[in-house]
Amino acid sequence: MAFLLLALITPLVASLLVWLLPASSPSNNVQGLKQPHRSHEDHFIWIGRVAMSISFLCMFVLWIKMRLLSDVYQFAFSFRWFQFSLGFHQHWTLRIAYGLDGLSLPLFSLAVLLGWIIFFAVRPPGEQIRVYTGWMLLALFAVMSSFAAIDLLTFILSMELTLLAGFFLILRQGKEQHWDAALQFLLYRGLASVFIILALLGLAAAASRGGLWPASYAVLSAVLFHHSVPHIVFLALFIGVLLEEAFVPLHSWFPNAMQDAGAGVAVLLAGILTKTGLYALIRFGVGMMPQDANDYRLLIATVGIINLLYAAFAAWSAKDWRRLISFSSISHMGLALFAVATLRQTGMLGALFLLVSSGLVSALFLLTSEGMFKRLHSLEFSRLGGLSKSMPIASGFLLFAALGSLGLPLTSSFVGEFQSIFSGFAVLPGFAFVALLGLLLSAIYSLNAIRKTTFGPVLDSTLMQLADLRWLESWPLAVLSLFLLLLGILPNPFAQVALSAFHHLRALGG
Amino acid sequence: MVHFFSHGDSLAFYVLALIILLSAMLFLQFRKVIYMALAMGAIFVGCAALFLLLGAVFVGIAQVMIYAGAITILMMFAIMLTNHEATESVSAFGIRKGLAALGAFLLAVILLFTIRATHWRQSLVVNTDTQHNVDKIGFMLFRQYTIPFELVSLLLLAALVGAVWIARQTKEEKQD
Amino acid sequence: MTTVHIPLPSVLALAAILFCIGLYGALSKRSLIIVLVSLELMLSSVNINLVAFSQLGAFPNLRGQVFSLFTITVAAAEIAVGFAIVLAFFRFRKSADADDANSQKR
Amino acid sequence: MSLYSLLHAHLGLTMGPLSIVAISAVLVMLIELLLPTRFLQLPVWLSLLGLLVALVDAFIHLSQVPQYSLHTLVSDGLASILTCLILLLSLLLLLFHVDELKSQTNQFPREGAYLFLFATAGALAMVTAVDLVTLYVGLELLSVSSYILVAMTRKRLALEGGMKYLVLGGVGSALFLYGASFIYGMTGQTNLYTIARMSHQLWLLNPAIVVLSFLLMLCGLGVKLSLVPFHYWTPDAYEGASASVAGFLASVSKSATFAMTLRVLLYLFLGSTHDVFPYVAAMAALTMVAGNLLALGQNKLRRLLAVSSVAQAGYLLIPIALLAQATPNTWPLVYNSLVFYLVSYSIVTIGAFAVLSILEQRYEVQEIADLSRLPRQYRWLRAAFACFLLGFAGMPLTSGFMGKLYLLIAALRLHELWLGVLLFAVSVISFYYYLKPIRTMYQKQLFTDNGEGQAVSRQTATQTVIAFCVLVTLLLGVWPGILLQAFSHVQWY
């Protein structure tokens with residue numbers, strides 16, 4: 001418990017600290033205009049680094065102390081916040097409650113890991129470090145807390161906090177403000193949270209007995225296992241998830257936000273924020289409304305496959321790396337959605353692997369391409385070419401990311417894709433076959449992009465004079481690659497933990 | 001229909017109602033503001049007579065004094081002080097006018113229909129308590145309705161102060 | 001005179017017609033003074049209702065008459081403020097038309 | 001008998017704050033008449049003192065057992081909580097009215113101070129009375145004082161706004177009164193408690209008249225609440241009035257009228273039938289949708305706030321519409337959610353208008369686009385305004401979110417899901433227009449103040465009000481328990 005609390009609270013405290021510390025006046029910097037690495041707001045980013053390192057270490061402890069095959073929420077703690085009165089002697093008590101199980105621990109860890117990497121790998125322009133660090137820490141806290149929440153209200157509030165922090169992160173970067181992208185983010189995700197909140201309140205109302213509304217996950221899933229929920233609740237949740245995950249045809253906010261975002265924000269968006277929706281679908285949809293999930297499995301599978309294919313084609317026709325990365329992330333999430341629709345333990349496991357590895361792969365892609373962007377100020381394929389000669393390390397990481405993305409054995413994506421497709425063949429063979437074709441597409445577009453960027457003809461001589469990634473830039477990439485490999489080679493510990501969560505989703509088949 | 005004229009009371013009522021409605025028709029018909037105001041005065045006097053007929057003596061007298069007296073006089077002053085040649089436009093079948101007419105007409109239809117459809121329990125024998133009642137009204141005002149009575153006095157004060165402030169001329173305006 | 005032989009529905013109908021005429025006047029007339037007086041007409045028809053109920057209703061009592069006294073008083077206060085605003089407004093525009101009091105075109 | 005023991009007596013409980021406000025109104029009026037013209041601010045400070053005493057009195061008696069006196073006044077939970085709220089709001093409004101008086105552009109007379117008190121007394125009467133006559137007189141006391149307050153600066157827009165408000169408000173009270181006259185006619189009573197006991201019988205005898213009088217009263221109150229088919233006066237009145245008066249219309253007036261609406265509809269009609277309340281639901285839906293759509297096209301700040309208050313009135317109507325499904329067991333839910341949202345909305349409104357008054361006095365901000373003229377160093381003012389706008393929109397961590405969440409929970413609990421869904425859907429739309437001013441404020445081409453703003457004396461009072469409102473908005477957004485906990489001990493009726 002102490003470690004979970006510590007892991008959660010450090011970013012929050014650090015964020016408050018950043019806001020409370022005075023902003024240093026820019027006048028110090030008038031003399032040294034050309035000092036990209038020594039900024040007057042440097043200490044802020046160090047606050048972020050220290051905070052996330054503490055969380056990162058706590059995460060390891062949590063993994064070690066996690067009891068396998070236990071289907072209760074571990075490290076749980078809660079405190080009462082307030083009550084909504086529902087009538088005479090009828091209350092809805094709202095708690096702030098945290099805990100972890102096999103489903104949330106991997107995603108929680110993904111958030112911690114990527115947050116930690118973000119602070120070491122990305123440095124925003126000097127005058128914005130304070131604002132950026134403050135919001136980023138808050139966003140990380142919010143997303144970690146939404147994974148670790150075991151109470152409806154805690155989840156809802158964390159989701160809303162994510163919205164707020166994400167909005168300001170997208171808005172305040174670079175020289176000018178990105179109102180359109182930020183507003184789009186706010187509207188789409190705001191609408192998503194509207195649907196999800198409605199669904200969750202409907203869930204609580206459906207589970208109410210004698211005027212008491214349960215809000216803790218454990219009680220909810222216990223009560224709801226024996227009672228059916230109106231279909232509209234599940235549909236509201238599903239629509240919310242589609243919006244939240246940027247699924248086709250509700251996806252336009254995601255590539256737009258990614259296009260303008262700085263690298264740190266892009267990693268946050270593609271690596272973590274777009275994973276909350278599927279988490280909610282598994283947690284609430286499959287976990288608490290198994291009957292509805294079963295009734296709508298064809299719909300879910302269809303949407304998943306459509307996304308897989310559409311986003312793969314869109315990624316193929318993308319003109320630059322950012323767009324390709326965003327669509328490839330959507331495509332992976334489509335496969336994960338399909339895996340969820342199989343409603344089998346293997347499928348769920350596959351989906352979870354896909355979520356984590358897609359986060360890792362997107363981050364690896366984004367950070368590597370950011371290294372190129374810093375030197376070239378462009379990520380359009382038409383301006384890249386032959387980088388393997390001048391930037392071998394960067395090209396290597398890019399290639400590795402592409403291989404991870406297309407699901408090469410020994411990477412974690414392989415495990416995910418294999419299990420998803422395997423589970424799919426057992427339940428919905430036709431769909432699984434189409435999904436397999438979609439995976440071929442993903443191989444095509446990733447390798448095509450690699451070919452254009454790293455091999456291919458050198459377009460002009462400036463490309464030849466680029467310096468390769470320095471040690472400071474490349475070690476975070478190495479860490480990411482390491483985790484990608486580790487999960488691919490030794491998936492078992494991870495799978496054991498995850499399976500403990502799926503055991504108690506009793507609705508699932510083999 | 002026979003009982004219509006079976007009593008002097010109801011005969012008097014229908015005559016009064018006719019007068020009131022006639023004045024109302026004239027009010028709607030007139031174009032000149034001053035005539036409209038006069039028609040309105042006639043309606044108010046008719047209402048006062050109706051109150052007296054119903055036996056509400058105190059209310060009737062109050063109506064004569066306040067409406068037919070004070071308010072009509074005030075209205076005349078207001079018309080004379082502003083543009084006393086003003087007329088309502090003749091043609092104007094504007095949207096506002098049309099909507100207002102439609103709304104008022106619909107409301108009238110609904111009201112009349114509901115009133116007609118309802119069975120009114122009417123007490124034919126009137127309690128003498130309710131007539132020749134000035135002293136009883138006074139008692140009520142100071143017992144059951146003390147609070148609203150006090151509040152109304154506040155209201156009159158506020159209206160007095162406010163009206164004086166808003167309507168008075170400032171020095172600059174006098175120089176114009 | 002201890003009984004009043006006036007049919008209650010007729011009185012109510014008269015009040016209803018007057019109320020609607022007042023409503024029409026308040027919403028459609030251009031002269032602000034006439035608009036204000038139309039408001040008074042509406043309140044006056046309410047008074048007819050109250051007095052009628054207080055004498056002819058199912059539960060005849062004096063409350064209705066007291067109520068109508070309050071209405072009359074409040075109406076007087078309201079119209080005083082109204083006329084004051086009309087006068088002040090007239091200084092600006094030399095007009096007391098509702099249309100001129102509508103500088104905001106929606 | 002000392003004053004203290006008088007206040008503790010049976011009567012003092014129910015009419016203590018009301019009589020304190022009324023008496024101080026008259027006293028201030030007399031003092032103002034005798035005062036030389038150079039004491040501009042003294043009446044306001046005296047009025048503030050009166051309100052403060054009344055607030056303290058109301059607060060001391062907050063947890064007392066409900067009392068009923070003089071056939072008209074009660075001190076049940078709704079009355080005492082709303083009394084506290086109204087006094088607090090008036091206090092805040094008068095406080096920033098002090099700064100308005102100082103400003104040269106405004107020409108607000110010092111008579112305004114006690115007119116505020118008169119209006120507050122009317123509002124207090126509306127929330128404490130359970131008698132149709134008293135309710136009507138209270139409503140009119142509030143309304144007539146408001147008409148005067150709106151028109152008081154005697155500028156062109158003010159007179160127009162006042163006139164429009166007076167005409168439509170007059171129609172509204174006539175409609176309400178007409179409905180009330182039928183209620184009286186059927187029962188021979190004006191007391192809500194007595195009528196409530198007869199209301200079932202009433203329904204059995206003549207349902208058509210019951211429905212008719214319900215609709216008439218609803219429409220009449222709808223004008224005062226600026227519900228949608230009757231909202232035309234709202235933008236004009238808000239635009240013409242000075243900022244504090246507009247804030248008064250949007251907060252005090254609305255709170256009192258909502259409390260009165262709840263009480264009247266509950267006592268008069270819930271005993272007879274639940275079938276009339278769907279009309280309220282329809283009106284709430286219409287107001288929410290139309291109000292939000294109208295607000296999308298507004299370019300002036302004043303009008304934006306005015307139309308947004310129309311939309312907010314739609315949200316506030318939801319609990320009353322929920323009465324259709326409520327049983328005595330769940331009435332507290334209706335009361336709780338309504339009053340919680342009233343508190344949150346009123347505080348946010350007053351904050352917004354306080355910011356607006358600073359903006360208008362210093363930078364003559366009228367249009368939303370003018371906000372870009374704000375100099376760089378007004379960081380706190382901008383943040384406060386953003387906080388209030390987000391509070392209106394219902395952003396998490398502000399009280400608006402908790403208020404809307406509670407409304408939603410109430411709607412779900414009482415099986416009116418569609419109202420809840422509609423509430424959230426239009427809230428999403430509302431983000432668009434509430435973000436417009438924020439967007440303009442935070443655009444990058446901010447400049448530093450070269451002293452070209454109006455030279456205005458320091459507006460300490462207004463700043464205090466703003467700070468207080470921000471604090472409450474955030475506090476209720478983060479920890480609504482303090483208020484909800486208090487509500488759970490309240491005996492609402």
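Sequence lines set the chain letters: A, B, ... in the order given, protein chains first and strands last, and positions in each chain run from 1.
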Mutual orientation of the aromatic rings belonging to B:Phe149 and C:Phe70 [parallel < 30°, tilted 30-60°, perpendicular > 60°]: perpendicular

Which portion of C:Leu69 sits near chain B, non-hydrogen atoms under 4.5 angstrom: side chain

C:Gly64 to C:Ser54 - nearest heavy-atom pair and separation: CA-CB, 3.9 Å

Contacting moiety of B:Ala101, where chain C heavy atoms sit under 4.5 Å: both

Residue part contacting chain C, namely of B:Leu107, when any heavy atom lies under 4.5 Å: both

Toward chain B, the part of C:Leu50 with a non-hydrogen atom under 4.5 Å: neither

B:Met40 side chain near C:Leu41 side chain, heavy-atom distance below 4.5 Å: yes

Selection from C:Asn47, C:Ile17, C:Leu87 maximising heavy-atom pairs under 4.5 Å formed with chain B: C:Asn47

Side chain proximity check, B:Leu26 to B:Tyr35, heavy atoms < 4.5 angstrom: no

C:Val74, part contacting chain B, at a heavy-atom distance under 4.5 Å: both

Under 4.5 Å from a heavy atom of chain C, the part of B:Leu28 involved: both

Proximal component of B:Leu50, with respect to chain C [non-hydrogen, under 4.5 Å]: side chain

Shortest non-hydrogen separation from B:Leu16 to B:Gly46 and the atoms involved: CD2-O, 3.9 Å

All pairs passing ring-ring contact (aromatic ring centres under 6.0 Å, His included) where residues 47-67 of chain B contributes a residue, at least two apart: B:Phe44-B:Tyr67

Exercise: do C:Ser38 and C:Tyr24 side chains pair donor with acceptor under 3.5 Å: no

Side chain, backbone, both or neither of C:Thr73 within contact of chain B (heavy atoms, under 4.5 Å): both

Partner set under ring pair (Phe, Tyr, Trp, His ring centres under 6.0 Å) for C:Phe67, not counting sequence neighbours: none

Non-hydrogen atoms of B:Arg31 and B:Met36 that approach each other most closely: O-SD, 4.2 Å

Side chain / backbone / both / neither for B:Gln63 at chain C, heavy atoms under 4.5 Å: both

Residue B:Met75 versus chain C: region with a heavy atom under 4.5 Å: both

Least distance between heavy atoms, C:Gly25 atom then C:Val35 atom: O-CG2, 4.1 Å

Between C:Leu27, C:Ile79, C:Val37, C:Leu23, the one whose heavy-atom pairs under 4.5 Å with chain B are most numerous: C:Val37

Any side-chain heavy-atom pair of C:Ser10 and B:Phe13 under 4.5 Å: yes

Region of B:Val152 in contact with chain C, defined by heavy-atom distances below 4.5 Å: side chain

Top contributor to chain B interface from C:Ala16, C:Ser44, C:Ala77 [non-hydrogen pairs under 4.5 Å]: C:Ser44

Pairs of heavy atoms under 4.5 Å with chain B: top-ranked of C:Ile48, C:Val81, C:Ile85, C:Leu36: C:Ile48

Contacting moiety of C:Phe83, where chain B heavy atoms sit under 4.5 Å: side chain

Side chain, backbone, both or neither of C:Leu12 within contact of chain B (heavy atoms, under 4.5 Å): both

